[in-house]
Structure formats: structure tokens, C-alpha cells
Novice: 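The structure that follows is given in the form of C-alpha cells.
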Amino acid sequence: MDDFSAVAQLVGSLNDAQKDAVTAPPEHRLVLAGAGSGKTRVLVHRIAWLISVENVSPLSILAVTFTNKAANEMRGRIEQLLTMPVRQLWVGTFHGIAHRMLRLHWKEAKLRQDFAILDADDQQRLVKRLIKQLDLPEDQWPHKMVTNWINSQKEEGRRPDHFDDLGDFTQRALVRVYAAYQQSCESQGLVDFAELLLRAYELCRDSADIQAHYRRKFRHILVDEFQDTNTLQYLWLKLLVGNAGVLFAVGDDDQSVYGWRGAKVENMLRLERDFRGCEVVRLEQNYRSTGTILKAANGLIERNNGRLGKNLWTDGADGAPIQLYAAFNEYDEAEFVVNRIRDYLNGPHRHSDMAILYRSNAQSRVLEEMLIRARLPYRIYGGLRFFERMEVKDALAWLRLMRNRDDDVSFERALSTPSHGVGATSLEKLRVAARESASSLWTTARRDAAMLGRTAGALNKFLDKVDAIAAQVQDLALGKLIDVVVANSGLREHYQKEKGEQAEGRLENLDEIVSAARGFERPANEQEEGIDPLSAFLAHAALEAGEGQAAAGEDSVQLMTLHAAKGLEFPIVFIVGLENGVFPSMRAVEEGNLEEERRLCYVGITRARQQLYLSYAEIRRIHGVEQIGMPSQFLKEIPPECVMETRPRAGMLRPPSFGGAREEARFGGGYGSSGGYGNRYGGGSSPSGYSAPRRSAALATPAYGGFKLGQRVTHDKFGEGTILSFEGEGERAQVEIRFRSAGVKRLVLGMAKLQAL
DNA sequence: CTAGTCGGTGTTTTT
DNA sequence: CACCGACTAG
């Protein structure tokens with residue numbers, strides 16, 4: 001292919017701004033890419049451009065992302081564009097790249113060759129044990145918090161010895177735990193996620209040779225989702241780019257929603273200062289959403305301060321207005337969503353065209369319940385992933401022990417599952433002895449088993465078992481190896497004995513590890529770099545924990561948190577739970593962290609291609625307590641002309657009108673609620689300009705026979721159902737109920753003989 | 001050492 | 001409400 005057609009092909013389909021970014025001369029660039037503006041496209045085309053037009057060798061390109069998914073997608077699209085595999089190209093996650101460097105230079109990084117990766121869960125266990133060991137009261141030093149603290153120190157590049165002795169008591173204690181933790185990791189050959197990055201950074205910083213090597217090698221470094229980089233990642237990039245490298249960063253400050261775990265949006269601003277000649281390219285044309293949706297998103301995000309500034313536009317149609325539904329409670333809300341989904345399924349839409357987004361995972365339960373009831377297939381993102389499941393982690397611990405007996409974390413796990421007759425007391429004795437002799441549990445056990453008296457026999461049996469399996473397994477291929485370990489460790493038997501519904505799944509998962517291992521193709525570079533298959537597989541398990549929830553190819557409605565939705569898009573999007581205290585979350589409101597929440601809302605809105613639904617519930621059960629919610633302040637920040645309040649039962653639309661007018665609309669039409677809470681609405685408008693759903697004294701009490709909207713009831717003939725609405729008054733009052741099996745029925749309240757559930 | 005109960009707690013999550 | 005961890009009884 002000659003240059004000319006290559007150029008034409010690469011650039012032909014891009015808009016001007018995209019073209020600018022893709023064909024930029026070899027200088028630093030910050031691409032401010034709004035949602036749906038073709039960010040990945042630009043990144044991929046830029047790499048293809050460098051290779052095919054600028055004749056840059058794929059060897060000199062490093063492309064970094066945050067998730068494996070993004071990395072895989074990027075590699076795939078580059079290869080598609082160039083119509084050839086580009087194996088020499090380094091594409092990966094920050095952690096993946098750091099890991100690769102550490103494997104290559106384990107000696108220089110002062111690691112042992114067989115170091116293993118400690119996942120978040122194992123890390124917490126270890127920290128917890130150390131807190132106990134240091135005699136810190138566990139209730140004052142929650143291991144979760146301490147672990148977070150340690151990780152954030154690492155993310156700022158701080159080691160235990162970087163702390164002056166000046167700190168207060170609290171800090172001194174934290175540093176002590178940090179130091180003990182670090183030492184423990186070192187002696188066990190364990191590296192946690194943050195450590196991967198910090199080690200790789202220190203490696204590049206402190207070894208002149210390695211630094212020179214990578215600076216010479218990577219002439220072009222490209223970074224995706226730059227707004228999510230933390231301090232350490234930024235420093236590492238800066239170090240690698242050096243004086244001669246070229247940085248191409250793509251990101252969107254308005255989509256920075258990971259500040260709470262160390263991401264620094266400020267890195268985008270620093271970029272212009274720290275990287276000389278860094279120009280900014282803005283991608284503002286959106287190819288995803290309707291004009292209305294973009295207008296809503298723009299209007300909302302404008303309220304944030306200190307933005308780099310950007311305004312999304314489209315030359316597509318305005319599309320339908322956003323629909324807002326004010327639900328009575330979370331069940332009513334879920335029912336609304338389910339009904340809309342049903343409507344769409346009658347049209348040209350598939351289940352997977354629709355996504356339900358919420359702020360916190362707990363909100364999924366009611367939605368699931370309603371989806372099940374409606375027999376709609378759905379899929380929840382998030383939750384435990386394959387390699388994080390208990391039985392899978394048990395097996396991994398056994399595998400790790402095969403390679404490294406000094407891995408205490410795995411030792412403890414293997415010793416206790418399946419149980420070997422060595423209990424907490426003996427284990428504790430072992431720990432103490434190990435600490436005193438500064439050796440691993442394994443070594444201590446081999447040496448001092450006798451001190452345990454009666455338990456010594458059981459312990460020795462375990463130790464011999466481990467050695468025997470290791471010997472037996474030595475020359476086996478990965479799949480067979482794992483199969484034998486799972487069988488001979490007694491794990492399979494252990495889970496066979498387990499009863500209950502989950503047991504079957506656990507056994508399946510154990511088998512699944514074996515097939516995962518059989519299908520595990522070692523990445524080409526690792527074969528070259530001489531990593532044994534088991535190590536490669538274990539690293540893979542830690543770095544890429546697998547899909548959350550069943551992948552189940554079935555066409556299904558998508559449920560996920562707003563965070564998990566970042567980077568995705570759907571024709572139809574529901575954002576539920578738009579109440580102050582839910583979204584924005586309570587914590588955010590208290591701490592005044594509203595800007596990040598607003599960005600999260602912006603992310604949610606911009607996921608929608610054609611239709612967006614927003615909803616909130618007036619009453620919601622939170623932690624088992626019914627709470628009265630106020631509409632989210634974000635709702636009033638969205639330009640009102642983009643939104644219609646929808647009353648599905650009456651099939652009419654009206655503009656949203658919070659406060660007084662709304663009261664008319666809502667409660668004048670015959671809705672009401674027997675409440676015990678009517679009088680609590682008493683006051684005037686809230687400071688935000690909303691008023692909670694006030695109702696006049698007259699309307700506050702007309703109990704419809706003591707029934708509430710959304711309430712679950714039973715009927716003699718129709719069975720169980722949910723109250724959807726009331727109409728009329730007194731004797732002739734009618735009630736609309738959705739019955740589980742009989743569908744929606746309209747009944748005269750006085751005649752129906754309903755029973756509350 | 002397991003099973004069962006009590007009490008405390010309760011965003012967002014990738015690697 | 002629902003989960004998890006700690007503690008107690010067998």
C-alpha cells in the first residue's frame with residue numbers, strides 16, 4: 001500500500017478535529033475528547049498513522065489504558081485498521097505493563113523471580129493480620145481503612161521511610177503497619193497492585209540503564225482515559241517520556257469519576273505545564289446522542305467549576321425529550337422501568353438496547369425483582385468475578401504454593417481449605433514462631449512442627465501432601481497440572497461435600513479453572529521472555545480477574561452502576577434513584593463533593609443514544625428504613641426544556657414542574673397516599689427551590705381504606721399484586737392493581753376485599 | 001472445628 | 001433489609 005492511499009484510508013472518515021489529532025506532528029498532544037466524540041477511534045488511528053505514514057516502528061510505541069477490556073479492544077482495532085498483527089506493539093493496562101517490566105527486570109527491581117501478585121482481597125487479609133500482630137485494637141484500626149491508606153501512600157510514591165518522625169500518633173501507627181506489611185510482602189515474594197506501579201516507577205527512576213533503554217525504545221507513548229491517572233502513573237509516564245519521547249494523551253475532565261480512589265484530574269492541567277509544547281485538541285462533535293440529550297448533559301456539567309471547557313454538539317436530530325418519572329417508591333420506580341422496557345420490546349428493540357443505571361449496587365435488588373417477575377432476561381455487571389470466587393481462590397492458593405512455599409497467604413489458605421486438623425490455635429503458634437525466627441510459615445512448620453504436640457502429625461501430613469503434589473505435578477501441562485492439584489489437594493472433595501444451592505456452581509467453577517488454563521494462551525511476549533506457564537497463568541488470574549457475572553450470550557437488559565457504565569453506550573438508558581442522598585450520594589452531599597457526582601451524572605446521561613429516562617422515588621427503603629427523598633438537585637440543573645415529566649398511567653406528558661405547580665399535577669388528579677407521613681411535608685419550599693411533595697391537609701389523609709400506592713396486596717380471586725393507582729373518592733374510589741399472574745385490573749376499592757401483605 | 005446466633009454496618013472499583 | 005465478622009455452644 002503506498003503512502004497516498006494509506007493516508008486517504010486512515011484520514012478519510014475523520015472530522016477536522018479528529019484529523020488534527022491523528023495527523024499531528026510528533027509533539028505532545030492532549031486530546032480533550034468529549035463523550036461520544038470518537039476518542040478510541042482517534043487513539044487507534046493515531047497509532048495506525050504513526051506506523052503506516054510516519055514509519056514509526058511498532059516497537060517504539062507504548063499504548064496504555066486502565067482496563068483490560070480497553071486494551072484488548074484497542075489492539076484489535078489497530079490490527080483491523082492495519083490489516084496485520086502488531087505483536088511488537090506494547091498495548092496494555094498500567095498494571096499489565098508494569099508487571100511485564102518487573103518480570104523482565106526482576107533482579108534490578110529487587111524482586112524474586114517467582115514473585116506473585118497479591119489481589120485486593122488477600123491484601124486486606126494480610127493487613128488485618130498485621131494489625132492484630134502489632135496489638136492495635138482492631139475496632140480502631142479497620143483493616144479496610146488501613147489498607148486504603150497504604151495504597152494511597154504508594155500511589156503518591158511514598159515508602160514507609162519517607163515519613164518524618166513528626167507525625168501524630170495515628171500516623172505513626174499507620175506507618176508502622178505499612179512498614180510491617182511491606183516487609184511481609186517482601187519476604188513472601190508478594191506484590192500488590194499499587195506496588196506493581198510503584199516498583200516499576202522506581203525501577204525506571206533508579207536504574208540508569210533501564211531508564212535509558214525504555215526512553216530510547218518508547219518514542220511514542222499514548223494514554224487513554226488520562227483523567228483517571230493517579231500521581232504515580234503520571235510520574236511514571238513523565239519519566240518514560242523523558243526529553244525525546246512524545247506523549248499523546250486522550251481524556252475528558254468532565255468524566256473524571258475516580259477521584260475517590262486517587263485519580264487526579266489535575267494531571268490534565270499539569271500536562272500543559274510539564275510537557276513542553278503540549279497543544280490541546282478538542283473533540284466536541286458527538287456521534288452518539290440526540291441533540292436533546294447533549295443539551296441536557298451540557299447544561300448540567302456547566303455548573304462545575306474549573307473545567308477545561310468543552311461543549312458537545314451534534315448535527316443529528318434533537319430527538320425525543322428526556323422523560324422524568326416521579327415514583328412513589330422504589331417498587332413503583334422499578335415497575336415504571338419494566339413497563340417501558342416492555343413497550344420497547346414490542347417495537348424494534350432488543351433487550352440489550354436498554355440499560356438501567358444506578359448509583360449504588362444495593363439499588364439493583366428491587367429492579368431485579370421486578371425484572372424477574374416480568375420474566376425479562378437481564379444481566380448485572382459487577383459483583384464477584386471469576387477469579388475472585390472463594391473456591392477459585394482456594395485453588396489458586398494451592399497452585400501458588402506449588403511454586404513458592406514461602407507464600408504465607410497461600411499457605412494459610414491451603415491449610416484451612418480443605419481442613420487439615422490444624423486449627424486457629426496451632427496456626428497462631430506457628431505464626432509467632434515464624435515471626436521470631438524471621439522465616440516463612442512453611443519453613444517454620446517443617447522445622448518446629450514438633451512443638452505443636454498432638455497437632456504435629458496433622459501438620460506434617462499437610463506439608464508432605466503439598467510436597468507430594470508438587471512433585472507429581474512438576475512436568476505436567478498447565479491444564480492437567482491444575483486438574484491434579486484440585487483433585488489431590490482435596491479441594492474437589494471438599495466442595496463435593498458442601499451442600500446447598502451454590503455447591504454445584506462451585507464444582508463447576510473448579511472445573512472451569514481447568515478449562516481456563518487449557519485455553520490460556522500465553523501471551524507471545526511472555527513465551528519469549530521465559531516465564532513459566534503456571535506463573536503466567538497466575539499473573540493473568542490476578543491482573544484480569546475475568547468477567548463479572550455470567551457472560552451469558554443471551555440478549556438481556558443491562559444493569560450496572562453509573563461507574564461501570566463509563567465507556568459504554570445504549571440506545572435507551574434509564575437512570576434511577578435521582579434523589580438527594582442517593583444520587584448525589586449522602587456522603588458526597590455531606591462532604592460537599594458534588595462536582596464529581598455531577599460528572600457521574602454527566603457520564604450517565606451521555607450513555608444514551610436516543611432516549612433517556614430519569615426517575616426518582618419519593619419514598620425509598622434505605623437500610624431497611626423508609627425514607628422520604630427529595631428529587632436530586634441534578635434534576636433541576638438539567639435545562640427544563642429538555643425534560644418532560646411523564647405520567648404513564650394517564651398516558652400524558654407534561655413539562656416537569658417542581659414545587660407548587662407539581663403538587664397540582666400530582667395530587668390534584670386523584671393520587672394520594674394514606675400516609676402517616678403527610679404532615680411531615682408541612683414546611684415551605686426547600687432551599688434548593690424544590691419542595692418536597694407537599695399535600696394539603698385535605699389531601700394528606702384520604703386513606704384509601706388504609707392502602708398506599710405501591711403497596712403489595714392480595715385479592716381473593718387474582719392473588720398477589722401491587723397497587724398502581726387510585727382514582728375517585730369515597731365509595732366509588734377505584735384502584736388499579738398489577739397482579740402477579742392476572743395482569744393489571746381496575747377494581748372498586750369498596751368491593752374488592754383487598755388484604756395488605 | 002463447625003454451625004449457629006448476635007450485633008454492627010452500610011458509595012462508587014480496576015488492577 | 002441483608003451481609004459480614006466475631007463470638008459462643010456443641
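Letters A, B, ... mirror the listed sequences (proteins, then strands); counts begin at 1.
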Novice: Taking 4.0 Å as the cut-off, does a side-chain nitrogen or oxygen of A:Arg365 come that near to OP1 or OP2 on C:dA2?
Specialist: yes
Novice: DNA chain B: A:His420 or A:Ala542, which has the more 5' nearest nucleotide?
Specialist: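 This one resolves to A:His420.
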Novice: Given the ring of A:Tyr181, does A:Arg129 sit roughly above its face, with NZ or CZ under 6.0 Å from the centre of the six-membered ring and within 45° of the axis?
Specialist: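 Negative - A:Arg129 is either too far from the ring of A:Tyr181 or too far off its axis.
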Novice: Provide the distance between the two P atoms, one in C:dG5 and one in B:dT12, to the nearest whole Å.
Specialist: 16 Å
Novice: Side-chain N or O of A:Asn68 versus OP1/OP2 of B:dT15: is the shortest distance under 4.0 Å?
Specialist: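 Yes, A:Asn68 has a side-chain N/O under 4.0 Å of OP1/OP2 on B:dT15.
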Novice: Side chains of A:Met586 and A:Ile622: does their closest heavy-atom pair fall under 4.5 Å?
Specialist: no
Novice: Tell me what A:Val422 touches on the nucleic acid: a base, only sugar-phosphate, or nothing, going by heavy atoms under 4.0 Å.
Specialist: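 If one applies the 4.0 Å heavy-atom cut-off, A:Val422 turns out to touch the sugar-phosphate alone, with no base involved.
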Novice: More than 12 heavy atoms of other residues, nucleotides or ligands under 6.0 Å from NZ of A:Lys132: yes or no?
Specialist: no
Novice: Quick one: on DNA chain B, does A:Asn593 or A:Glu544 contact a more 5' nucleotide (nearest heavy atom)?
Specialist: A:Asn593
Novice: Looking at CZ of A:Arg199 and CH2 of A:Trp106, how far apart are the two atoms once the value is rounded to the nearest 0.5 Å?
Specialist: 13.0 Å
Novice: Counting only side-chain N and O atoms of A:Lys128, is one of them less than 4.0 Å from OP1 or OP2 of C:dA6?
Specialist: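 For C:dA6, OP1 or OP2 has a side-chain N or O of A:Lys128 closer than 4.0 Å.
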Novice: Just call it for A:Ala120: base, sugar-phosphate, or nothing, with non-hydrogen atoms closer than 4.0 Å on any strand.
Specialist: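 Base contact.
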Novice: Identify whether any heavy atom of A:Asp228 sits under 4.0 Å from a base atom; if not, whether one sits that close to sugar-phosphate; answer base, sugar-phosphate or nothing.
Specialist: nothing
Novice: Just wondering, do A:Phe66 and B:dT14 stack (centres under 5.5 Å, planes under 30°)?
Specialist: no
Novice: More than 12 foreign heavy atoms under 6.0 Å from CE of A:Met451: is that the case here?
Specialist: yes
Novice: Is any side-chain N or O of A:Asn361 closer than 4.0 Å to OP1 or OP2 of B:dT13?
Specialist: yes
Novice: Go through B:dT13, B:dT11, C:dC1 for me and flag the one nearest to the A:Trp260 side chain.
Specialist: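 Closest of the options to the side chain of A:Trp260: B:dT13.
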Novice: Taking OP1 and OP2 of B:dG10, is either one under 4.0 Å from a side-chain nitrogen or oxygen of A:Ser360?
Specialist: no
Novice: Once you apply a heavy-atom cut-off of 4.0 Å, does A:Glu596 come out as touching a base, just sugar-phosphate, or nothing?
Specialist: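 Nothing: the residue A:Glu596, judged by heavy atoms under 4.0 Å, touches no strand.
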Novice: Between A:Arg159 and A:Glu202, does any NZ, NE, NH1 or NH2 come within less than 4.0 Å of an OD or OE carboxylate oxygen?
Specialist: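 Looking at A:Arg159 together with A:Glu202, the answer is yes, because their closest N to O distance falls below 4.0 Å.
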Novice: With a non-hydrogen cut-off below 4.0 angstrom, is A:Ser585 in contact with a base, only sugar-phosphate, or nothing?
Specialist: base
Novice: The side chain of A:Arg261 lies closest to which of these nucleotides: B:dT14, C:dC1, B:dT11?
Specialist: B:dT14
Novice: Base, sugar-phosphate alone, or nothing: which one does A:Lys566 contact when heavy atoms must sit under 4.0 Å apart?
Specialist: nothing
Novice: Would you please confirm or rule out a distance under 4.0 Å between OP1 or OP2 of B:dT14 and any side-chain N or O of A:Thr93?
Specialist: no
Novice: Out of B:dT2, B:dT11, B:dT13, which has the shortest distance to the side chain of A:Ser419?
Specialist: B:dT2
Novice: Would you say B:dT15 has OP1 or OP2 under 4.0 Å from some side-chain N or O of A:Arg385?
Specialist: yes
Novice: Between atom CD in A:Glu369 and atom C1' in C:dC1, what is the gap in whole Å?
Specialist: 11 Å
